Amino acid sequence: MFLKNKRYIERPPDGTPVMHYLNIYQLLSMLYRQSICFSSVTIYEDILESTLSKPSYKEVLSHPLWEDNTPVKKDKYYCSRQEHFRNDSPGLIYHPPEAEWENETFSNLIHNLSRHFMYIHCWSTANEENILMWDRYRHQGSSVAIKTTINQIKKAFVCAEPLHIGKIQYKDYDTEHITGFKNYGKKNLLDPDTVEELFYQPIFHKQNIYKSENEVRIVIDFRYMTDIHLKTMCLSEIPFYDKNWGLSEKRHPQWEEDCVYFRTSSNNYVGVPNTWWVKVNLDQLIEHIILSPYVASYTKEGIRGVLHKYSIDPNKVIESSIELG
């Protein structure tokens, strides 16, 4: 299901055609699970994924969390336990020692908190195939593209997770602000909705070099994911962290490698996975499955057979319209 539109997330029109490129193994996993995979932005290759641009980062650095327009000075829990925090482990990112508050900025919260709980699934707005996208997936072996529309996506989800869908804004990260951060110093960080907007904005921005992707993202609701994993995010008066949690830098041989671990105040650990599968009606979702132009045509029959096994019309599989020499 989808939440109501948020004013700061630009949803494309329902009739917009979109494509999702993936390899055969990802398609098989999708069919087996009857779900699509959402990934934490922390595992994406782009090191600037969901971070701030240079001007926005500079703006945020000039306004530390200890200033009056933030809730830190008003946080009774922090003020009553300053000595504890002063002696606490530096691994607790949400309550550093008092002297470190002046160096703590909102960008640290984005990097250490929101990025771990923002799970996204990416589509490319296009009515025709993109050879650059095919090239990107070529090294992963046989690949395909699922073609559909925004409206079909909205109808196909049968999950409990609330979702947002929106277009990516492309910016010059050397010279342009992330939307909403130009006037960051005037933002009221006592307001949870304002904080949430600032958390979401970096997720819907990318560098100009990715402009050819024309990306649309589906994002699982941030508050929903933090509630599942951390139970609550508002135990103290600061609306964007839970006083009991800290990101652990420790690792244990028996811990799963595809998780990040958060530590409670009682030194228990909770693993937060890097991927999250969301239930979807695949027959409703898929308009066509297009074979990569780099894939042999005989692959079509095998994929059709698998689709038939999962009660999806095998005639939805078609060959690429791109002819390569």
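These numbers come from the heavy atoms of this one structure, side chains and all, not from hydrogens, waters or symmetry mates. Predicted model only: the values in this text are computed from it and were never measured. Start at 1 with the first residue, then count along the sequence.
Counting only residues at least two apart or in different chains, ring-ring contact (aromatic ring centres under 6.0 Å, His included) contacts with residues 28-51 comprise Phe38-His121.
Residues satisfying the side-chain hydrogen bond (donor to acceptor under 3.5 Å, both in side chains) test with Asn281, not counting sequence neighbours, are none. Applying the side-chain hydrogen bond (donor to acceptor under 3.5 Å, both in side chains) test to Gln201 and every residue at least two apart in sequence or in another chain returns nothing. With sequence neighbours left out, Arg33 forms a side-chain hydrogen bond (donor to acceptor under 3.5 Å, both in side chains) with no residue at all. By the side chain to side chain contact (heavy atoms under 4.5 Å, CB included) test, Glu176 is found to be paired with Lys171, Asp172, Asn208, residues two or more places apart in sequence or in another chain being considered. With sequence neighbours excluded, no residue forms a side-chain hydrogen bond (donor to acceptor under 3.5 Å, both in side chains) with Gln284.
For the pair Ser321 and Glu129, the minimum side-chain heavy-atom distance is below 4.5 Å. Here the side chains of Tyr294 and Leu324 are in contact, with some heavy-atom distance below 4.5 Å.
A distance-only check finds a donor-acceptor pair linking the side chain of Thr125 to the backbone of Asn214 [under 3.5 Å].
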Assess whether side-chain contact (heavy atoms from CB on, under 4.5 Å) is satisfied between Asn130 and Tyr21, documenting all intermediate values. CA-CA 10 Å; Asn130 186 331; Tyr21 294 80; 3.7 Å; yes

Test Thr16 against Thr149 for side-chain contact (heavy atoms from CB on, under 4.5 Å), laying out the working first. CA-CA 5 Å; Thr16 304; Thr149 65; over 6 Å; no

Please step through side-chain contact (heavy atoms from CB on, under 4.5 Å) for the pair Phe157 and Leu163, ending with a clear verdict. CA-CA 9 Å; Phe157 278 98; Leu163 307 170; 3.6 Å; yes

Test log, rule side-chain contact (heavy atoms from CB on, under 4.5 Å), inputs His164 and Asp221: CA-CA 7 Å; His164 305 283; Asp221 184 67; 2.8 Å; yes

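Enclosure of atom NZ in Lys300 by more than 12 non-hydrogen atoms of other residues, nucleotides or ligands within 6.0 angstrom is indicated. Shown here is Tyr57, whose OH atom has no more than 12 heavy atoms of other residues, nucleotides or ligands within 6.0 Å.
Aromatic rings of Phe199 and Phe106 (six-membered ring for Trp) have centroids within the 6.0 Å cut-off, being under it. The aromatic ring centres of Tyr210 and Tyr170 sit 6.0 Å or more apart.
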